[in-house]
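Chain naming here is simple, since letters A, B, ... match the order of the sequence lines and numbering starts at 1 in each.
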2 protein chains.
Amino acid sequence: MKKITIKDIAIESGVSISTVSFVLNGKGEKMGISKAVIVKVQDVAEKLHYKPNMIASSLRTGKTRSIGLIVEDISNQFFSDLARVIEDEAKKLGYRVFYCSTGDDNERSAELIQSLLQANVDGFIITPTEKLEKSIDHLLKLKMPVVLIDRYFPNQNVSHVVMDNYNGAYVATEFFIKKGCKNIAVVNNTSEMIQMKLREKGYSDAMKEAGIYDETLTLHLDYRSNEESKIDAIIDFFKKKPGIDAVLFLANYMGLAGLQAFKRMGLRIPEDISIISYDDHYSFKLHSPSISVIEQPIDGIAVKAVQLLMDQMTNGNDFMIEKVLEKGKLIIRESV
Amino acid sequence: MKKITIKDIAIESGVSISTVSFVLNGKGEKMGISKAVIVKVQDVAEKLHYKPNMIASSLRTGKTRSIGLIVEDISNQFFSDLARVIEDEAKKLGYRVFYCSTGDDNERSAELIQSLLQANVDGFIITPTEKLEKSIDHLLKLKMPVVLIDRYFPNQNVSHVVMDNYNGAYVATEFFIKKGCKNIAVVNNTSEMIQMKLREKGYSDAMKEAGIYDETLTLHLDYRSNEESKIDAIIDFFKKKPGIDAVLFLANYMGLAGLQAFKRMGLRIPEDISIISYDDHYSFKLHSPSISVIEQPIDGIAVKAVQLLMDQMTNGNDFMIEKVLEKGKLIIRESV
DNA sequence: CTGAAAGCGCTTACAG
DNA sequence: CTGAAAGCGCTTACAG
């Protein structure tokens with residue numbers, strides 16, 4: 001069960017290994033190799049069950065046909081859905097995807113970039129952490145293809161694909177207001193990242209326009225705290241603010257913590273409190289009552305990100321920086 | 001920003017590349033290289049920020065320090081948890097993990113094995129599909145290190161690590177009986193795989209011992225059907241059998257479908273029906289009432305599987321076939 | 001104690 | 001139209 005190499009095919013077909021390589025890479029015609037030889041070589045390759053050794057080819061070309069995908073947390077359904085679509089898209093184009101989670105840890109993120117760099121990935125798709133701007137700059141300096149998703153740095157000139165975070169929160173808040181909610185709270189995390197800031201701004205602008213903005217209705221949860229601490233913080237907050245009749249959660253893990261908090265407090269949804277959360281999740285559909293969400297345009301983001309990355313990888317330096325905004329979608333269920 | 005190679009280090013340190021290679025691979029002492037040279041080489045490597053090129057080293061050694069992990073469905077929390085622990089364990093030992101999902105599709109599984117083989121992984125951890133026995137045999141013939149998890153083929157001599165499926169279902173059924181349930185149903189899928197058969201046998205043996213086994217209380221769901229069809233099938237079944245007072249779901253996705261079915265039917269848990277499901281899931285904890293489960297010994301399975309695989313990878317043919325059974329744990333919540 | 005050299009399996013510029 | 005040869009960056013058996 002010896003490994004078949006192009007050398008074996010060359011010997012069997014009675015041609016040189018160069019000819020075999022050209023034929024197998026589809027460059028036969030371009031190199032003016034005769035039809036007969038092309039067919040012969042292909043037949044022999046098939047007969048011997050030849051499988052190209054990607055490692056050897058990578059060593060020679062410096063390309064691995066792989067892309068590195070860095071997300072915040074692959075066990076969060078939003079990111080795992082994103083990863084799945086990206087992987088499918090990449091596979092269509094003959095690329096493999098390596099994925100890893102940052103856990104929102106800057107140091108870990110920088111390390112992951114290093115190790116993917118060392119694995120010789122051909123390009124990066126990254127959901128950056130707060131202080132990753134410098135590491136991204138480093139990639140740009142190396143002329144590495146990079147596309148950011150979900151978030152970006154306003155002052156850095158890199159292609160990115162994100163949802164329209166401002167709009168999603170604005171529309172959801174507006175929906176609460178139309179339904180007659182008066183004391184609408186928002187639960188955000190302590191991150192300084194642009195996507196969270198924009199979501200919060202979408203909320204506060206909608207509230208201000210309705211003339212009912214109250215800054216004490218905003219709760220910021222520490223991202224790094226565990227779920228129990230988040231639940232406790234939410235319970236604390238809502239006990240101090242009994243008048244709240246609606247709440248917008250700016251990410252699914254906060255919404256999930258919120259549901260547990262309300263369960264413990266005995267609050268009924270939507271009678272006592274209305275809920276909308278960012279990012280859909282299986283538990284939101286299953287919950288009684290089911291929870292309304294702002295669904296991310298996951299397919300749109302994934303497909304566009306891969307496309308932009310491919311442009312960079314194939315066109316070398318000759319590509320444009322593109323900044324793409326995909327619209328989210330408010331899905332109304334029973335929680336409002 | 002040129003790539004640093006061992007050649008650069010050799011020149012800078014004034015020694016040969018062989019010496020550099022020995023030192024960097026920790027074989028300096030063994031090869032009798034002087035302390036002074038070792039230190040010198042290490043310093044230079046550090047100074048130049050040398051990063052070994054894994055591709056070149058793989059081509060030469062035939063090893064990639066990577067393992068292929070094939071699971072049924074990485075978006076199922078049981079498998080993603082398993083994957084995370086396996087990845088952590090492997091990383092500790094300097095191994096990378098490539099993972100992929102079979103979707104319980106035999107052909108796809110066989111393809112995945114082929115493509116991982118082509119990626120030159122050093123070993124496999126696999127949750128096999130029904131007809132994968134031959135592909136596994138093929139790996140064994142190639143002397144590829146293989147460990148199966150979650151399930152196995154009774155007549156095939158391969159190391160595997162699985163939970164004690166029989167015991168988990170037996171204990172859960174016994175628990176229902178002790179609680180006074182009389183008409184206890186079980187929901188399984190149509191798979192012929194050993195782990196599902198054993199779970200069902202655990203249930204039926206417990207029922208028989210209590211003298212209350214009734215074969216019409218068993219429902220088999222088509223694995224390949226989508227969630228809606230599963231929900232419909234469950235509703236159908238329970239409408240025809242109104243006397244059922246408890247149900248054991250033999251995998252989390254069936255339990256989740258069951259919860260949606262009962263929600264639509266207006267059945268109250270546990271007043272109208274008691275529930276226990278295999279495999280814990282976030283939604284089971286969040287659900288009102290929270291759902292009792294048979295938790296898989298995920299850490300135990302993952303750690304043991306990696307350990308067995310490492311034994312095979314390092315000891316060549318000199319390893320033992322090990323068949324390991326890890327006990328699950330019945331977690332009582334509010335649904336019984 | 002250390003170095004020169006072969007070779008892993010490919011790709012591709014060059015020669016004819 | 002096709003082949004001989006260099007080289008990607010390593011590892012390691014061999015020689016001294």
Side-chain angles (χ1 to χ4, degrees), chain A residues 1-42 44-45 48-66 94 117-122, chain B residues 1-42 44-45 48-66 94 117-122:
Chain A
M1 204 64 193
K2 161 183 173 307
K3 270 262 174 193
I4 302 297
T5 72
I6 53 171
K7 197 172 158 194
D8 300 310
I9 300 176
I11 293 169
E12 180 81 12
S13 326
V15 296
S16 76
I17 59 168
S18 332
T19 303
V20 174
S21 176
F22 288 135
V23 171
L24 265 25
N25 286 309
K27 295 183 183 167
E29 298 221 13
K30 211 171 75 189
M31 298 305 285
I33 293 169
S34 69
K35 196 78 196 151
V37 171
I38 291 180
V39 171
K40 171 81 180 165
V41 169
Q42 284 168 341
V44 172
L48 300 181
H49 300 108
Y50 171 70
K51 302 283 178 208
N53 180 327
M54 300 311 279
I55 291 179
S57 132
S58 290
L59 180 58
R60 182 55 227 257
T61 62
K63 299 288 165 203
T64 51
R65 290 194 83 77
S66 64
L117 223 33
Q118 210 176 326
N120 290 292
V121 296
D122 297 336
Chain B
M1 204 65 192
K2 163 182 173 308
K3 270 264 174 190
I4 301 298
T5 72
I6 54 170
K7 197 171 157 196
D8 300 310
I9 299 176
I11 294 171
E12 180 81 13
S13 326
V15 298
S16 76
I17 60 168
S18 333
T19 304
V20 174
S21 176
F22 289 135
V23 171
L24 265 25
N25 287 310
K27 296 183 182 166
E29 297 220 13
K30 209 171 74 190
M31 298 304 286
I33 292 170
S34 68
K35 196 80 196 147
V37 171
I38 291 179
V39 171
K40 170 81 180 167
V41 168
Q42 284 168 340
V44 172
L48 299 182
H49 300 108
Y50 170 71
K51 304 280 179 208
N53 181 327
M54 299 312 278
I55 291 179
S57 132
S58 291
L59 179 59
R60 182 56 226 256
T61 61
K63 299 287 167 204
T64 51
R65 291 193 84 75
S66 64
L117 223 32
Q118 209 176 328
N120 290 292
V121 295
D122 297 336

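Looking only at side-chain heavy atoms (C-beta outward), Ser58(B) and Arg65(B) stay at 4.5 Å or farther from each other. Side-chain contact check for Asn53(A) versus Asn120(B): some heavy-atom pair is nearer than 4.5 Å.
Every side-chain contact (heavy atoms from CB on, under 4.5 Å) that Leu24(B) has, sequence neighbours left out, goes to Ile6(B), Ile9(B), Val20(B), Val41(B), Ala45(B), Tyr50(B). Here Ile33(A) pairs with Thr19(A), Phe22(A), Val23(A), Met31(A), Val37(A), Ile38(A) under the side-chain contact (heavy atoms from CB on, under 4.5 Å) rule; sequence neighbours left out. With sequence neighbours excluded, no residue forms a side chain to side chain donor-acceptor pair (under 3.5 Å) with Ser13(B). A search for side chain to side chain donor-acceptor pair (under 3.5 Å) contacts involving Asp122(B) returns Thr64(B), not counting sequence neighbours.
The structure places OG1 of Thr61(A) at 8.5 Å from CE of Met54(A), a figure rounded to the nearest 0.5 Å. The distance from the CD1 atom of Ile4(A) to the CG atom of Leu48(A) is 5.0 Å, given to the nearest 0.5 Å.
Nucleotides of DNA chain D that come within less than 4.0 Å of any heavy atom of chain B span, from the 5' end to the 3' end, dG9(D) to dA13(D).
For the segment residues 28-36 of chain B, the set of residues with a heavy atom within less than 4.0 Å of an atom of DNA chain C comprises Met31(B), Gly32(B), Ile33(B), Ser34(B), in numerical order. A heavy atom lying under 4.0 Å from DNA chain D marks the following residues of residues 48-61 of chain A, by number: Leu59(A), Arg60(A). Within residues 19-27 of chain B, the residues having any heavy atom under 4.0 Å from DNA chain D are, by residue number, Ser21(B), Phe22(B), Asn25(B), Lys27(B).
Nearest heavy atom pair, residue Ser16(B) against residue Ala10(B), reads C-CB, 3.8 Å.
Backbone-only contact: Thr5(B) has heavy atoms under 4.0 Å from sugar-phosphate atoms and none from a base.
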- [ ] Dot-bracket notation for DNA chain C is requested: 5' to 3', Watson-Crick or G-U wobble pairs only, both distances under 3.5 Å, with ( ), [ ], | and . as defined.
- [x] |||.||||||||.|||
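The salt bridge (Lys or Arg N to Asp or Glu O under 4.0 Å) contacts involving residues 8-26 of chain B comprise Lys2(B)-Asp8(B), Glu12(B)-Lys47(B), where partners must be two or more places apart or lie in separate chains. The side chain to side chain donor-acceptor pair (under 3.5 Å) pairs that include a residue from residues 32-42 of chain A number zero, where partners must be two or more places apart or lie in different chains. Residue pairs meeting the salt bridge (Lys or Arg N to Asp or Glu O under 4.0 Å) criterion with at least one member in residues 17-29 of chain B, sequence neighbours excluded, do not occur.
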